[in-house]
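See structure below.
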Amino acid sequence: RREAQQLEERGRKAARHLRLRDAEERRKLLGAKAAAGSMGIGELLDAYIQRYAGRDMSLGVRLEWWVTFLGSDRAIGTIDNDAVWSGADALQKRGCNWFLGKDEAGDPIRPKDWNPLAPRTLLKYIGALRLLLNWANQCELLPRGWSNPCQEAAAVFREDKWLLKKEAA
């Protein structure tokens with residue numbers, strides 16, 4: 001639990017450095033679409049990665065998966081709970097992402113014992129999307145009163161994991 005609190009605090013500190021200081025800087029970096037609120041998630045990811053100074057090397061891979069799954073042109077305001085849940089289902093069906101090379105047809109070679117993703121890995125993917133959407137909210141790219149759809153999904157995954165541990169004991 002303490003480790004999770006330290007990671008969360010580290011994430012908050014990194015997010016402070018990523019905030020866009022004023023409206024002029026926001027317009028310069030994000031362009032005219034930011035003012036209209038119709039920015040696509042792909043553009044948002046590009047702007048976020050330009051400013052990212054953290055140490056998590058896999059954050060970009062996780063966010064790129066979400067951009068591919070949701071579609072890079074999808075407006076950030078249209079991402080809802082259903083999109084997050086369907087993404088979690090798709091990740092669960094995809095399973096572990098071991099790269100063993102490619103076969104003669106160019107398709108990826110998958111291991112025979114194809115395991116589903118662990119709940120912690122799903123939480124990392126959902127947390128990456130939550131981080132990106134929170135940054136967009138801090139940059140005032142989303143309407144006031146907007147709530148992050150990843151909050152509920154992450155809470156449910158944590159609760160399920162807790163219940164499984166409690167039943168095993």
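Count residues from 1 along the sequence.
Panel note: side chain R120, backbone K124; no donor-acceptor pair is recorded below 3.5 Å. Within the 3.5 Å criterion, the main-chain N or O of P149 finds no donor-acceptor partner in the side chain of E152. Judged purely by atom type and a 3.5 angstrom limit, N148 uses its side chain to pair as donor or acceptor with the backbone of R130.
With no hydrogens or angles considered, a side-chain donor-acceptor pair links D56 and S58 at under 3.5 Å.
We find the OH-CD1 distance between Y48 and I41 to be 12.5 Å, quoted to the nearest 0.5 Å. Here W135 contributes atom CH2 and I76 contributes atom CD1; the two are 9.0 Å apart, rounded to the nearest 0.5 Å. Rounded to the nearest 0.5 angstrom, L63 CG and Y52 OH are separated by 9.0 Å. Atom CG in L45 sits 6.0 Å away from atom CG in L132 (nearest 0.5 Å).
Between W66 and F69, the ring-plane angle classifies as perpendicular under the 30° and 60° cut-offs.
In this structure the side chain of L91 never reaches within 4.5 angstrom of the side chain of T121, judged on heavy atoms. Looking only at side-chain heavy atoms (C-beta outward), L133 and N137 stay at 4.5 Å or farther from each other.
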Stepwise side-chain contact (heavy atoms from CB on, under 4.5 Å) check, Y125 with L129: CA-CA 7 Å; Y125 274 86; L129 181 63; over 6 Å; no

